[in-house]
There are 2 protein chains.
Amino acid sequence: MPAAPDDFTQIVACLKSLGLTKYEALVYIALLRVTGATATEIHEISGVPRASVYPVLEQLQAKELVSVSQSSPKRFAALPPEEGIGNLLSCIQQNALRAQEDLSAIYEERLSPEREEQELIWNLYGITAIRKKIVELLAHTERDVRIIAHPQLFSEDIKRALNHKAHHIAVEIITPQWDGEPPGTMNVYVKKTPEIPKGLDRAKDMMAGGVFIFDNRTVMVIVGLGKEDAVALYSESAGFVRFFIRYYDLIIDWAKKPDLK
Amino acid sequence: MPAAPDDFTQIVACLKSLGLTKYEALVYIALLRVTGATATEIHEISGVPRASVYPVLEQLQAKELVSVSQSSPKRFAALPPEEGIGNLLSCIQQNALRAQEDLSAIYEERLSPEREEQELIWNLYGITAIRKKIVELLAHTERDVRIIAHPQLFSEDIKRALNHKAHHIAVEIITPQWDGEPPGTMNVYVKKTPEIPKGLDRAKDMMAGGVFIFDNRTVMVIVGLGKEDAVALYSESAGFVRFFIRYYDLIIDWAKKPDLK
DNA sequence: TAAATGTTGTTATAACTACAACAACAAGAT
DNA sequence: ATCTTGTTGTTGTAGTTATAACAACATTTA
């Protein structure tokens with residue numbers, strides 16, 4: 001009687017991303033729970049149809065996750081997960097390395113059709129992708145960076161890049177709160193967000209994300225800081241940049257005024 | 001005109017193991033070759049059907065591999081491969097870690113049905129799995145190890161384990177050739193393979209792999225050293241063990257004789 | 001013989017692949 | 001202005017492959 005689903009859905013999902021199928025994952029898990037088993041026992045423990053167990057076990061042998069006995073009926077045993085998973089992962093890592101090398105080569109040699117890509121406004125999804133882009137833009141900045149942003153946005157990576165850059169270029173930051181070490185050579189204006197300048201209704205929304213101005217030339221606007229629903233726009237488009245510089249100037253004036261309260 | 005297949009099959013295969021589909025890989029590669037492109041241009045560069053390009057680009061955005069412009073027509077650009085691939089890989093690594101933790105927990109708590117698994121003869125496929133098993137068996141050995149094996153079999157891992165163990169237990173090795181540092185505390189008999197004892201026809205075949213005897217209790221026999229077609233048998237079965245101990249004794253007698261040539 | 005094992009098929013389902021067709025839109029021509 | 005023409009983005013519909021699920025049969029073991 002095929003029993004005990006036991007809910008390994010989480011682990012199965014993880015194993016799938018390592019290239020296993022659902023059945024392969026279930027059988028492997030089942031084998032880890034005992035010291036050894038026949039095909040039929042595996043079927044009972046894992047819930048995988050008995051007839052499907054055989055081909056699946058072949059796959060797992062090929063992937064070096066199980067060993068087989070000579071006996072009749074054959075008995076199967078799982079190799080320790082440290083080795084099994086380690087094996088799978090190192091294969092993938094190897095592939096990733098190869099891909100990265102090959103693709104980086106392609107990326108460096110890429111043709112630049114003489115289009116004015118800089119007039120475009122680009123979208124970026126996902127908070128990690130956004131943070132990485134910020135670090136990248138920061139690395140190419142030559143004169144100054146001006147920032148209005150929610151503190152959540154400043155990952156360790158970004159803070160490190162900022163601290164590093166602050167030695168060479170001007171860094172100006174407006175934020176409702178600054179965590180961590182005192183901002184050495186940077187100008188950081190800490191202003192509570194509740195009442196940003198009058199008349200700018202959408203200003204508060206903006207503050208939920210951030211505005212980054214690099215060299216007065218490239219602007220990145222981030223909206224939404226939820227887990228993965230963050231969106232960023234960035235552009236070198238003149239109009240786009242001008243709009244946000246003006247916006248920034250407005251805020252900085254207000255920020256520089258001494259707190260009246 | 002969709003052109004230039006350009007044979008990225010290798011890279012595509014690598015990217016597939018990172019969880020991308022063929023189309024996703026092709027589109028990503030295509031985007032890396034230019035600074036930006038419209039859906040139609042991507043179709044032309046990559047050879048992916050134009051209608052398929054749109055959903056594929058959505059997938060890639062979700063995987064944080066490309067960014068999109070606001071313009072009409074939309075333009076797409078690839079994020080640098082170091083970041084893109086790095087992202088994918090770190091996700092997988094995270095999953096692998098979680099899986100390994102969960103599975104190790106299961107593995108430790110596994111039920112031991114009181115069966116005599118030790119009477120079975122087990123098969124193991126793949127040279128890396130075999131080498132790892134050897135290291136594992138070595139770790140649990142308490143008195144002595146006796147080995148007849150082809151030098152190819154001794155990976156760095158195994159040599160290290162042997163050198164380490166040699167301080168506590170007796171290690172005896174017969175091999176036609178010994179590479180690397182002189183075998184400190186181990187007894188190594190180097191004997192050319194060509195004419196092993198008389199009358200044992202299959203002996204030569206055996207020497208193409210190896211025989212490991214752990215504590216006179218567990219025996220592992222390896223046959224075939226090809227890339228991935230290596231097979232090992234191991235067992236604690238009394239008959240199996242006795243057979244190979246007798247075989248070993250035969251060889252060791254011959255090996256200890258001074259070279260007559 | 002009966003039960004369990006191992007093998008071989010067939011079917012279903014889902015995902016990926018591939019292509020055809022359509023509406024919306026813009027640019028240019030008459 | 002209207003009518004082409006071509007492009008873009010969307011939708012739908014098959015073909016293909018891999019996985020999933022089950023049924024049936026031959027073989028072994030007791």
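This is a predicted model, so every value here is computed, not measured. Numbered from 1 within each chain, the chains take letters A, B, ... in sequence-line order.
Comparing atom distances between the B/Pro73 side chain and each of D/dG9, D/dA21, C/dT17 picks out D/dG9 as nearest. Among D/dA23, C/dA18, D/dA20, the nucleotide with an atom closest to any side-chain atom of B/Tyr23 is C/dA18. Here C/dG6 is the nucleotide among D/dT10, C/dG6, C/dA18 with the atom lying nearest to any side-chain atom of A/Lys74. Here C/dT17 is the nucleotide among C/dT17, C/dG6, C/dC19 with the atom lying nearest to any side-chain atom of B/Thr21. In the set C/dT7, C/dT17, D/dA21, the nucleotide with an atom closest to the side chain of A/Lys22 is D/dA21. Closest to the side chain of B/Tyr54, out of D/dA20, D/dA23, D/dT10, is D/dT10. Of the candidates C/dT17, C/dA21, C/dG6, the closest approach to any side-chain atom of A/Ala39 belongs to C/dG6.
In this structure, the CD atom of B/Glu24 is 14 Å from the P atom of C/dA18, given to the nearest Å. Remark: C1' of D/dG9 and CD of B/Gln61 are 14 Å apart, rounded to the nearest angstrom. As rounded to whole Å, 14 Å separates atom P of D/dT19 from atom CG of A/Leu26. B/Lys16 has its NZ atom 11 Å from the P atom of C/dC16, to the nearest Å. Counting to the nearest Å, the P atom of D/dT27 and the CZ atom of A/Arg50 are 16 Å from each other. When the P atom of D/dT19 is taken as reference, atom CG of A/Leu60 falls 12 Å away, rounded to whole Å. Atom NE2 of B/His43 and atom P of C/dT17 are 16 Å apart (whole Å). Put simply, CG on B/Leu20 is 16 Å from C1' on C/dT17, counting in whole angstrom units.
Between A/Glu41 and A/Arg75 a salt bridge is recorded (basic side-chain N to carboxylate O distance below 4.0 Å). Between A/Lys133 and A/Glu136 there is a salt bridge, since a side-chain N of the basic residue sits under 4.0 Å from a carboxylate O of the acidic one. A salt bridge does not link A/Lys132 with B/Glu64: none of the charged nitrogens is closer than 4.0 Å to a carboxylate oxygen.
Taking the centre of each ring, A/Phe244 and A/Tyr248 stay at or above the 6.0 Å mark.
At a threshold of 4.5 Å between non-hydrogen side-chain atoms, the residues B/Leu20 and B/Leu88 count as touching.
Note on B/Ser52: a base of the nucleic acid sits closer than 4.0 angstrom, heavy atoms only.
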